Amino acid sequence: MLPLVALALPLLVACGPVSEENAYAQCTERARLAVQPRGEIGVGYGTGGAAARGSVTISSDFIAGRDPQVVYDNCFRQLTGAGPTRPLIL
């Protein structure tokens with residue numbers, strides 16, 4: 001029985017509220033992605049020849065046209081169970 005509890009405890013803790021600092025960081029990032037997609041590209045040359053890579057991140061909030069302030073507020077409430085006490089600064 002004890003090993004089962006030891007395995008389940010981390011899962012239960014992960015379901016609980018996160019710290020306000022973590023919530024602010026996560027929710028600000030989510031609000032930024034609601035404003036516009038983010039992308040990066042890298043180009044290089046080495047002994048193996050030329051190489052390139054790229055990535056684009058598009059959130060469902062951006063696609064749906066959601067207000068970043070509403071995204072921020074809803075995200076914070078989901079993560080902490082309370083409303084944010086800091087304004088959204090993008």
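Computed from a predicted structure; not experimentally measured.
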Applying the 4.5 Å side-chain criterion to the ILVMFWY set and letting contacts propagate, would Val35 and Leu88 be lumped into a single cluster?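 The answer is yes; both residues are in one hydrophobic cluster.
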Leu90 and Val70: same hydrophobic cluster, using ILVMFWY side-chain contacts below 4.5 Å?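 No, no single cluster joins them.
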Where do [X] and [Y] come nearest, in terms of heavy atoms and distance?
X	Y	result
Leu79	Ala23	CD1-CA, 4.0 Å
Arg32	Ile89	NH2-O, 3.9 Å
Val18	Thr80	O-CG2, 3.8 Å

Could you measure the distance from the CD atom of Gln36 to the OG1 atom of Thr57? Nearest 0.5 Å is fine.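 Between atom CD of Gln36 and atom OG1 of Thr57 there are 12.0 Å.
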Between CZ of Arg77 and SG of Cys27, what distance do you get to the nearest 0.5 Å?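 SG of Cys27 is found 11.0 Å from CZ of Arg77.
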Pairs touching residues 71-90 that satisfy ring-ring contact (aromatic ring centres under 6.0 Å, His included), sequence neighbours left out: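 Non-adjacent pairs meeting ring-ring contact (aromatic ring centres under 6.0 Å, His included): Tyr24-Phe76.
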Do the side chains of Glu29 and Arg38 get nearer than 4.5 Å, heavy atoms only?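 Yes. Closest side-chain heavy atoms under 4.5 Å.
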Please step through side chain to side chain contact (heavy atoms under 4.5 Å, CB included) for the pair Arg66 and Ser60, ending with a clear verdict. CA-CA 9 Å; Arg66 292 189 182 101; Ser60 60; 4.2 Å; yes
Decide side chain to side chain contact (heavy atoms under 4.5 Å, CB included) for Arg86 and Glu20; before the verdict, give the C-alpha distance in whole Å, the side-chain angles of both, and the deciding distance to 0.1 Å. CA-CA 10 Å; Arg86 294 184 200 166; Glu20 283 190 4; 5.9 Å; no
